[in-house]
2 protein chains.
Amino acid sequence: MKKGFHSQLNSRGYRLTQQRQAILNELRQADHHLTAREIYTAVRRYLPQISLGTVYRNLDVLEQLVLIKKFEHRGLFRYDADIQDHYHLFCQYCDRIEDIPKSQLGDLESHFNWETDFQISHYQLDFHGSCVACQKNRADQERA
Amino acid sequence: MKKGFHSQLNSRGYRLTQQRQAILNELRQADHHLTAREIYTAVRRYLPQISLGTVYRNLDVLEQLVLIKKFEHRGLFRYDADIQDHYHLFCQYCDRIEDIPKSQLGDLESHFNWETDFQISHYQLDFHGSCVACQKNRADQERA
DNA sequence: CTCATTATTAGTAATCATTCCTATCATTGG
DNA sequence: CCAATGATAGGAATGATTACTAATAATGAG
């Protein structure tokens, strides 16, 4: 039985607020990985008074609760409501970011066979390259 | 035959300057992965007039020439003079970053067996966890 | 339901990394 | 040695993120 957002907040001493709810909703419905400012802009359609500070503070809270994940790309943070293990494909020509479910990657962990005193809690694997649209654009430019 | 720094710059239309040289030297001698500001502070011991803008500009040039690598961590960029393929271990309690040579990781690529139209040029694998010092500190705090 | 407690908010100011701008300087090829 | 032009110093501008504070609102107890 999965605990709801409300009780999940309460049991940690957090309160349920419209702002908090709206930020999480926005992130869950988003078709790409949003920045704090993008979330701010989006949520203002419903809560015109919300402030950017509130967005940042709540993203921290949601991250604490492991309801969202945070990662950095090109100098800024982006947030992801998909907390399942997965990887990212970053296009180096545009801002597109695609997801790869972990299941498509085969068993990587079994190959992490080093000796280290570091205690590893998680790892992150990012791929960089060119998305289909940019491959096409560049091919067109070659020709011209 | 490996081309020297000087001719490597010239053949691309870049010039060899003291600042450029000093920045690369500093990075090659560093015992950890420096930020632009750390490099700025270090190089100022020899070139007190150097400006932060020059450091940033030259780091970009050196990255273009693939003499250094750039990566982001906790919202800021760090630079690495080791351009061999390797991975990083980030301690989540302190700022320590350790390197893992790629050879210690076994053959990962053979397990990247997905279907994708993305054209992948490189990937980055980061590990997060606790360094030995922080493991000890935390154990001590438990006891207290 | 009402009230007091206290987390949360809006709004703004402050920080800080990074980038941009421009007049001056320095390296290089000829 | 000299002109062409890349590079620099210094400072201003930008933009993301964080910090601060008085006012607001969610919560739980009664």
Side-chain angles (χ1 to χ4, degrees), chain A residues 3-24 26 33-65 67-68 70-79 95, chain B residues 4-27 33-65 67-79 95:
Chain A
K3 282 202 299 184
F5 184 30
H6 195 163
S7 62
Q8 208 163 148
L9 286 171
N10 283 341
S11 63
R12 299 268 226 117
Y14 292 115
R15 289 174 182 174
L16 179 63
T17 65
Q18 294 180 70
Q19 292 87 341
R20 202 157 275 176
Q21 183 93 257
I23 289 167
L24 184 57
E26 206 57 51
H33 304 300
L34 304 173
T35 62
R37 188 165 292 274
E38 285 172 336
I39 295 166
Y40 172 60
T41 302
V43 170
R44 262 197 307 187
R45 294 183 311 223
Y46 311 104
L47 302 172
Q49 302 300 324
I50 198 170
S51 76
L52 190 53
T54 298
V55 173
Y56 275 105
R57 189 168 1 83
N58 281 315
L59 287 169
D60 282 348
V61 170
L62 295 173
E63 197 198 1
Q64 291 290 319
L65 295 170
L67 289 165
I68 63 173
K70 177 184 185 177
F71 64 92
E72 31 186 337
H73 180 53
R74 297 195 189 163
L76 52 118
F77 292 112
R78 292 186 174 273
Y79 298 86
D95 287 328
Chain B
F5 185 30
H6 195 164
S7 61
Q8 206 163 149
L9 286 171
N10 282 341
S11 63
R12 298 268 227 119
Y14 293 115
R15 291 176 181 170
L16 178 64
T17 66
Q18 296 180 66
Q19 291 87 344
R20 206 156 272 177
Q21 182 91 58
I23 290 166
L24 183 57
N25 283 346
E26 206 56 54
L27 215 37
H33 303 300
L34 304 173
T35 63
R37 187 165 293 275
E38 285 170 335
I39 295 166
Y40 172 59
T41 302
V43 171
R44 261 199 306 187
R45 291 182 314 222
Y46 312 104
L47 301 172
Q49 302 302 322
I50 199 171
S51 76
L52 190 52
T54 298
V55 173
Y56 275 106
R57 190 168 2 83
N58 281 316
L59 288 169
D60 281 348
V61 170
L62 295 173
E63 199 199 359
Q64 291 291 319
L65 295 170
L67 289 165
I68 63 173
K69 283 184 170 179
K70 177 184 186 178
F71 64 91
E72 30 186 336
H73 180 53
R74 295 195 190 164
L76 52 116
F77 292 112
R78 292 186 174 272
Y79 298 86
D95 287 329

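Each chain gets a letter, A, B and so on, in the order the sequences are listed, and its residues count up from 1. This structure is a prediction, so every number in the text was calculated from the model and none was measured.
- Between A:Y56 and the phosphate of D:dT18, there is no side-chain N or O to OP1/OP2 separation shorter than 4.0 Å.
- Judged by distance alone with a 3.5 Å cut-off, a donor-acceptor contact links the side chain of A:R15 to the base of C:dT6.
- Contact annotation: B:T54 side-chain N/O to D:dA9 OP1/OP2 distance is under 4.0 Å.
- Here the straight-line distance linking atom OH of B:Y46 with atom CD of B:E26 works out to 5.5 Å at 0.5 Å rounding.
- Remark: C1' of D:dT17 and CZ of A:R37 are 10 Å apart, rounded to the nearest angstrom.
- Contact annotation: B:H73 side-chain N/O to C:dA17 OP1/OP2 distance is not under 4.0 Å.
- For D:dT8, the OP1/OP2 oxygens have a side-chain nitrogen or oxygen of B:Q19 closer than 4.0 Å.
- When each of A:R12, A:Q8, A:H6 is paired with A:N10, the side-chain hydrogen bond (donor to acceptor under 3.5 Å, both in side chains) condition holds for A:H6 and for no other.
- Taking atom CG of B:N10 as the reference point, atom C1' of D:dG6 lies 12 Å away to the nearest angstrom.
- Residue contacts for A:R57: at a heavy-atom cut-off of 4.0 Å it reaches a base atom on one of the strands shown.
- Atom CZ of A:R78 and atom C1' of D:dA16 are 13 Å apart (whole Å).
- Regarding A:I50, its CD1 atom lies at a distance of 11 Å from the C1' atom of C:dT8, rounded to whole Å.
- As rounded to whole Å, 13 Å separates atom C1' of C:dA17 from atom CD of A:E72.
- Residue contacts shown for B:L52 include a base, since a base heavy atom lies under 4.0 Å away.
- Side-chain N or O atoms of A:E72 include one that pairs as donor or acceptor with a backbone N or O of B:R74 at under 3.5 Å.
- Taking side-chain N and O atoms only, A:Q49 has a distance below 4.0 Å to OP1 or OP2 of C:dG11.
- The side chain of A:H6 contributes an N or O atom lying less than 4.0 Å from OP1 or OP2 of D:dT27.
- Proximity of A:S51 to the phosphate of C:dT12: no side-chain N or O atom is located under 4.0 Å from OP1 or OP2.
- The interatomic distance linking B:L76 (CG) with D:dG15 (C1') rounds to 15 Å, in whole Å.
- Atom-to-atom distance recorded for A:N58:CG and A:I23:CD1 is 4.5 Å, nearest 0.5 angstrom.
- If you measure from atom CG of B:N58 to atom P of D:dA9, you get 9 Å, rounded to the nearest angstrom.
- Atoms CG and CG, from B:L67 and B:L59 in turn, are 11.5 Å apart once rounded to the nearest 0.5 Å.
- In this structure, CG of B:L34 is placed 14 Å from P of C:dA17, rounded to the nearest angstrom.
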